[in-house]
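Below is one structure; the comments refer to it alone.
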Amino acid sequence: MGKLQAGYLFPEIARRRAAHLSKNPDAQVISLGIGDTTEPIPDVITNAMAERARALSTVEGYSGYGAEQGEKKLRSAIASTYYKGLGIDESDIFVSDGAKCDISRLQVLFGSGVKIAVQDPSYPAYVDSSVIMGQTGLYDNQRYASIEYMRCDPQNGFFPDLSLISNADVIFFCSPNNPTGSAASREQLTQLVQYAKKTGSIIVYDSAYAMYISDDSPKSIYEIDGAREVAIEISSFSKYAGFTGVRLGWTVVPKELLFSDGFPVAKDFNRIVCTCFNGASNIAQAGGLACLSPEGLKAMQSTINFYKENTQIIMDTFTKLGFNVYGGKNAPYVWVHFPGRSSWDVFAEILEKANVVTTPGSGFGPGGEGFVRVSAFGHRENVLEASRRMSQLYK
């Protein structure tokens, strides 16, 4: 714990926002920083959760502890909706209270003696959980010793040079990527799977933004031949259905995935889940099942389309101002380059002069220095107003 640097990124952003408001109490601050959803959960989903909640007040409808792995109907629906024809069935799926929580449970599975590799930049929970587990050395020059930082930038198309990795045990890989918004191609993911098969690495593939993909990029690592032998996939309803507060996600651990001694990884993960977790809320799981109904899928796609429209507004704004802009097409994040400048300095400038919260790129790793991430999660009027303010600031 002593190795961790300052606070976790997003609470630090919230602290700086609060400090700005304490000095400028009348400021109308718009947040396009922390990737929290803003639009209401569709009625078809909340109605299902309300019905389950009401049932709990009856003798016939009450239920207590459920299966730690999740309710069978929901696991089956996840398998048939997102993994049909990919060799994944309900027994491979573990329902949880969100992908972020499962990242930490997977770190318990891997233990303190492993060497990890992460995309640089990447979601900070991968690195911070590794530090907490004792997998890393000391922090120096924006990085922790013993972690392989796989640089992903415009020069390499946001896909790392795998030949530079020195045999990591675990590779954390997010596509579409948070924060850059880039999605790996089928050819790139094939390279990643082949690398893992060659080195004996386990890939932890974060597909939390897969429904935002609008081109032919794979939505699951299991679309790649051989991936079931080398990859775990984590995902979530948070950014599809607005479940950031409801909390519901899942992890896929295929039967084919084995440790080097031949022991099934799923058996150990099941033991950890049963020890550390009592299962996702049955009300949340009722909502998850409604998400995967025909009406629920249509409603989620409508919400996603709304955020994608926000993304286009933000991209157009920065592009017209002459910035190099990345991401956006397959993710609700826009990655804006400010060459030669500190990410935190740009964050402060935008907050102080435009009253808009963004996220400094360096908070996602050393490869994010000189960038800021702008989130498309926001009410339309706020996105339009923030874009107007940016246009005034950088005209």
Side-chain angles (χ1 to χ4, degrees), residues 8 10-11 14 31 33-57 61-79 81-82 90 93-106 123 125 174 178 206-212 233-252 273 276-308 310 331-333 375-379:
Y8 187 66
F10 299 112
S31 180
I34 299 171
D36 194 3
T37 51
T38 57
E39 301 311 294
I41 297 172
D43 288 345
V44 64
I45 300 169
T46 56
N47 289 343
M49 291 192 285
E51 182 178 348
R52 184 63 171 269
R54 285 192 295 269
L56 292 174
S57 67
Y62 177 78
S63 60
Y65 292 128
E68 291 91 344
Q69 303 84 358
E71 294 180 1
K72 182 179 176 65
K73 284 185 179 180
L74 178 56
R75 297 168 77 193
S76 178
I78 291 170
T81 301
Y82 295 115
E90 66 186 59
I93 294 170
F94 297 79
V95 175
S96 73
D97 50 347
K100 185 175 182 180
C101 300
D102 275 345
I103 290 168
S104 294
R105 293 186 189 107
L106 288 170
Y123 184 47
C174 180
N178 177 13
D206 187 340
S207 65
Y209 300 95
M211 281 187 70
Y212 286 83
E233 183 165 304
I234 56 177
S235 197
S236 168
F237 289 100
S238 287
K239 307 304 169 65
Y240 303 162
F243 273 28
T244 51
V246 174
R247 307 308 306 153
L248 191 69
W250 68 90
T251 290
V252 183
V273 167
C276 302
F277 186 50
N278 274 331
S281 157
N282 47 24
I283 297 173
Q285 290 190 73
L289 194 58
C291 286
L292 302 179
S293 69
E295 298 85 359
L297 287 168
K298 183 178 179 181
M300 285 197 298
Q301 191 60 57
S302 177
T303 300
I304 289 167
N305 290 343
F306 174 86
Y307 290 130
K308 287 174 75 68
N310 282 352
Y333 299 124
S375 169
F377 294 120
H379 301 310

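As the structure is a prediction and not an experimental result, all values here were calculated from the model. Both backbone and side-chain heavy atoms feed into the values below; hydrogens, waters and symmetry mates do not.
Using a 4.5 Å heavy-atom threshold, the side chains of Val44 and Lys298 count as separate. For the pair Ile45/Val246, no side-chain contact is recorded, criterion being any heavy-atom separation below 4.5 Å from C-beta on. Leu292 is listed as a side-chain neighbour of Leu297, based on a closest heavy-atom distance under 4.5 Å. For the pair Phe243 and Cys291, the minimum side-chain heavy-atom distance is below 4.5 Å. The shortest distance between side-chain heavy atoms of Asn310 and Pro332 does not fall below 4.5 Å. A heavy-atom distance below 4.5 Å is not found between the side chains of Val273 and Thr251. Residues Thr37 and Tyr307 form a side-chain contact, since some pair of their non-hydrogen atoms from C-beta on lies under 4.5 Å apart.
For the pair Lys239 (side chain) and Ala331 (backbone), a donor-acceptor distance under 3.5 Å is absent. The main-chain N or O of Ala53 is never found under 3.5 Å from a side-chain atom of Ser57 such that the two would form a donor-acceptor pair. Between the side chain of Gln285 and the backbone N or O of Ala280, at least one donor-acceptor pair lies under 3.5 Å. Counting only distance, with no hydrogens or angles, the side chain of Thr38 and the backbone of Gly378 share a donor-acceptor pair below 3.5 Å.
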Practice task
Would you check, one step at a time, whether the test side-chain contact (heavy atoms from CB on, under 4.5 Å) holds for Phe237 with Met211?
Solution key: CA-CA 10 Å; Phe237 289 100; Met211 281 187 70; over 6 Å; no

Problem - Residues Asp206, Asn178; criterion side-chain contact (heavy atoms from CB on, under 4.5 Å); working and verdict - result: CA-CA 9 Å; Asp206 187 340; Asn178 177 13; over 6 Å; no

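Aromatic ring pairs are classed by plane angle as parallel below 30°, tilted from 30° to 60° and perpendicular above 60°; the pair Tyr212 and Phe377 is perpendicular. Ring geometry for Tyr123 versus Phe10: interplanar angle of 30 to 60°, hence tilted.
Minimum interatomic distance between Ala290 and Ala48 (heavy atoms only, all atoms of both residues): CB-CB, 3.5 Å. Heavy-atom minimum distance, Ser235 versus Tyr240: OG-OH, 4.0 Å. The minimum heavy-atom distance between Asn282 and Ser63, with the atom names listed, is ND2-OG, 3.2 Å. Closest non-hydrogen pair, Ala77 versus Leu289, comes out as CB-CD1, 3.9 Å.
The distance between the ring centers of Tyr209 and Tyr333 falls below 6.0 angstrom.
Within the structure, every pair that satisfies the salt bridge (Lys or Arg N to Asp or Glu O under 4.0 Å) test and touches residues 65-77, not counting sequence neighbours, is listed here: Arg52-Glu71, Lys72-Glu90.
When only modelled atom types and interatomic distance are considered, Asn305 and Gln301 share a side-chain donor-acceptor pair under 3.5 Å.
Under the side chain to side chain donor-acceptor pair (under 3.5 Å) criterion, Ser281 pairs with no residue at all, not counting sequence neighbours. Considering only residues two or more places apart in sequence or on other chains, Ser96 meets the side chain to side chain donor-acceptor pair (under 3.5 Å) condition with Asp102.
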